[in-house]
Number of protein chains: 2
Amino acid sequence: MSPARMSRETLLPAMAAHVLENGIAGVSLRPLAKAAGTSDRMLIYHFGNRQGVVDALLEYLAKLYETGLDAALPAEPARDRRETVRRILERTASPALTPFMRLWWEVVAASAAGDETFRESAASTMGLLLGWLEAHMPEGDPDPRGGARLLLTLIEGSQMLGAVGRADIAEAALAAFEG
Amino acid sequence: MSPARMSRETLLPAMAAHVLENGIAGVSLRPLAKAAGTSDRMLIYHFGNRQGVVDALLEYLAKLYETGLDAALPAEPARDRRETVRRILERTASPALTPFMRLWWEVVAASAAGDETFRESAASTMGLLLGWLEAHMPEGDPDPRGGARLLLTLIEGSQMLGAVGRADIAEAALAAFEG
DNA sequence: AGCTTTATGTAGCGATCGCTACAAGGCCTG
DNA sequence: CAGGCCTTGTAGCGATCGCTACATAAAGCT
C-alpha cells in the first residue's frame, strides 16, 4: 500500500481536533503527527519546524472558531444589553464551542508571557468578537460603540470566572448589571 | 565548605522569584533548583515530586500575592463604582504586582484544562479579591454585594484584554460604564 | 526512457525531562 | 564515643523532545 499523499490542508483538520482536545501551547510533534496519521518527520517537512505547525494551527483554528461562532450566535438583536450578554454566554457554552475556550486561555496565557504569535491571534479574535457585538447591539442603544466594548469586557470576565469554577460570581454580576 | 542546610521555607522565596519570571505551569526541576541554589535531587527530597513543588509554590505565591495586594490597594472607598475599578486596575498594574498577572493567566489556563490544583488556587484568589471588593464598595452603593461581583467581572475582563494587547477596549468599556 | 522533483520511511543525535539508587558527610542522641 | 537519622552529592535510567541525515519510492517533465 502506497502511503497517502498529504499536504498542509489535509493535515490541519486532524491536528486541530487534537489540539482542541489536548491543548496547543505545549503540544509536541510526535503525538500530534500520530493524531493526523503521519509522522513528526512529515510535520517538519510540511511546516518547516514546530513553530510553523503552531502558527498554521492558530490560523486554522481562528477560522474554524469564526465560522462556528457565526453559526452559533443569534442573528436578531436582543432587547437590552444584559440580554445580549446572556445570549452570547449561552451560545458560546454550546458543545461545538466549549473546546475552543480551553484553547483560548492558553492563548491568553502565552500572550501574557510575551509570545507575539499568540498575542496577535488573541487580539484579532477580540477584534472579531467586538465587531460582531457592535453590529448586534440592542436597537436604540444610546452608545453602541462604548456599549459593545463594555459588554465584551463583561463577557470575557464572565468566561474567565467560569473557567476557574466561579460562574456563580459572573451570574450575580450579570444580575446586578443594569438592574 | 559544608553545604548550606535548606528547607522548604528557605527554598520557596527563590523558587517563587524564578516562576514569577519564567512561569509555573511548565517549570522544570533543574532550572528551578538552580535558581534556588540547590539541585533537582533536593527538590524531590523536600517536596516528594514535581507536583509537590508546584503545589507548595502555588500556596506560597497566593500568600505573597495577598500581602502585595493589601499593600497596593487603597484603603479609603472611591466615589463611585467606576472609580473603584479604575483604582484597582492602576494599583494591580504596579511593578510589584505585574509579574503575578502573567502567572495568573497560566493558572486560569490550567484550570480551564481541568487541573484541580490550579483551579482551587484560582477560585480562592477570586474569592479573596471579591471579599476585598465587597468591603470597599463606594459608600451608599445601592447593591454592594451584586455590585462587587459586577466590578470583579469587569476588572478581570479588563485585565484579560490588557494581557492580549487590547487595553484600548477595556478603557473604552470603562468609559461607557455608568456614564 | 531518463532525469528531477516531491513525498515519505528509518534511524538516530544531542538535549532535557522526572525521578531513583547508592554512598557519604554532618548532626543529634544514647 | 557509637549508632542512627537527616541532608546532600554523584551518577545514571528510561522516556521524550525537536530536528536531521540518508535512502527511496512515486510522480511528473523533457
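Chain letters run A, B, ... following the sequence lines, proteins first, then strands; residues in each count from 1.
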Participant: Scan A:Ile155, A:Leu69, A:Thr98 and name whichever one has a side chain to side chain contact (heavy atoms under 4.5 Å, CB included) with A:Thr92.
Facilitator: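 For A:Thr92, the side chain to side chain contact (heavy atoms under 4.5 Å, CB included) test succeeds with only one of A:Ile155, A:Leu69, A:Thr98, which is A:Leu69.
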Participant: Got a second to check how far B:Leu58's CG is from B:Thr117's OG1, nearest 0.5 Å?
Facilitator: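 Here the rounded value is 7.0 Å.
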Participant: Would you find a donor on one side and an acceptor on the other, under 3.5 Å apart, between the side chain of B:Glu106 and the backbone of A:Ala109?
Facilitator: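 No, the answer is negative, given that no donor and acceptor are paired below the 3.5 Å cut-off.
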Participant: If we ignore hydrogens and angles and just use 3.5 Å, is the side chain of A:Arg82 paired with the main-chain N or O of A:Ala175 as donor and acceptor?
Facilitator: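 Judged by distance alone, yes, a pair lies under 3.5 Å.
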Participant: So A:Thr38, base contact, sugar-phosphate only, or nothing? Heavy-atom distance under 4.0 Å.
Facilitator: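 Nothing: the residue A:Thr38, judged by heavy atoms under 4.0 Å, touches no strand.
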Participant: Mind calculating the distance between CE (A:Met42) and C1' (D:dG18) to the nearest angstrom?
Facilitator: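 In whole Å, D:dG18 C1' and A:Met42 CE are 16 Å from each other.
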Participant: Please report the interatomic distance CG(A:Leu103) to OH(A:Tyr65), rounded to the nearest 0.5 Å.
Facilitator: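 One gets 11.0 Å once the value is rounded to the nearest 0.5 Å.
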Participant: Can you find a pair of side-chain heavy atoms, one from B:Thr153 and one from A:Phe177, that are under 4.5 Å apart?
Facilitator: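 Sidechains of A:Phe177 and B:Thr153: no contact.
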Participant: Is it true that a side-chain atom of A:His46 and a backbone atom of A:Met6 form a donor plus acceptor pair closer than 3.5 Å?
Facilitator: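 It does hold such a pair.
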Participant: Considering just the side-chain nitrogens and oxygens of B:His46, establish if one lies under 4.0 Å of OP1 or OP2 belonging to D:dC6.
Facilitator: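 No, because none of the side-chain N or O atoms of B:His46 sits under 4.0 Å from OP1 or OP2 of D:dC6.
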Participant: Does any residue of residues 7-16 of chain B have a heavy atom under 4.0 Å from DNA chain C, and if so, which ones, in number order?
Facilitator: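 Of all residues in residues 7-16 of chain B, none places a heavy atom under 4.0 Å from DNA chain C.
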Participant: Whole Å only: how far is the CG atom of A:Leu43 from the C1' atom of D:dC17?
Facilitator: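 Those two atoms, CG and C1', are 14 Å apart.
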Participant: Send over the distance from B:Arg50 CZ to C:dC19 C1', rounded to a whole Å.
Facilitator: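 Taking atom C1' of C:dC19 as the reference, CZ of B:Arg50 is at 13 Å.
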Participant: Tell me the interatomic distance from A:Phe47, atom CZ, to C:dA7, atom C1', rounded to whole angstroms.
Facilitator: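 Taking CZ of A:Phe47 and C1' of C:dA7, I get 14 Å after rounding.
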Participant: Step through the shown structure and confirm whether more than 12 heavy atoms of other residues, nucleotides or ligands are within 6.0 Å of CD on B:Glu76.
Facilitator: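 Atom CD in B:Glu76 is packed in, count exceeds 12.
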Participant: Using the test salt bridge (Lys or Arg N to Asp or Glu O under 4.0 Å), find all partners of A:Arg8 that sit at least two apart in sequence or belong to another chain.
Facilitator: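 Residues passing salt bridge (Lys or Arg N to Asp or Glu O under 4.0 Å) with A:Arg8: none at all.
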Participant: Mind calculating the distance between CE (B:Met6) and P (D:dT8) to the nearest angstrom?
Facilitator: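 After rounding, the gap between these two atoms is 7 Å.
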Participant: Please list all pairs passing the salt bridge (Lys or Arg N to Asp or Glu O under 4.0 Å) test where one or both residues lie in residues 109-132 of chain A, with sequence neighbours left out.
Facilitator: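 Every salt bridge (Lys or Arg N to Asp or Glu O under 4.0 Å) pair that includes a residue of residues 109-132 of chain A, provided the two are not neighbours, is A:Glu116-A:Arg119.
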Participant: Please enumerate all protein N or O atoms sitting under 3.5 Å from an N or O of nucleotides 20-22 of chain C, with distances to 0.1 Å.
Facilitator:
{"residue": "C:dA21", "atom": "N6", "partner": "B:Arg41", "partner atom": "NE", "Å": "3.3"}

Participant: Please work out which residues in residues 21-36 of chain A have a non-hydrogen atom less than 4.0 Å from an atom of DNA chain C and list them by number.
Facilitator: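 Within residues 21-36 of chain A, the residues near DNA chain C are A:Arg30.
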Participant: For residues 36-62 of chain B, which residue pairs pass the salt bridge (Lys or Arg N to Asp or Glu O under 4.0 Å) check, not counting sequence neighbours?
Facilitator: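 Every salt bridge (Lys or Arg N to Asp or Glu O under 4.0 Å) pair that includes a residue of residues 36-62 of chain B, provided the two are not neighbours, is B:Arg30-B:Asp40.
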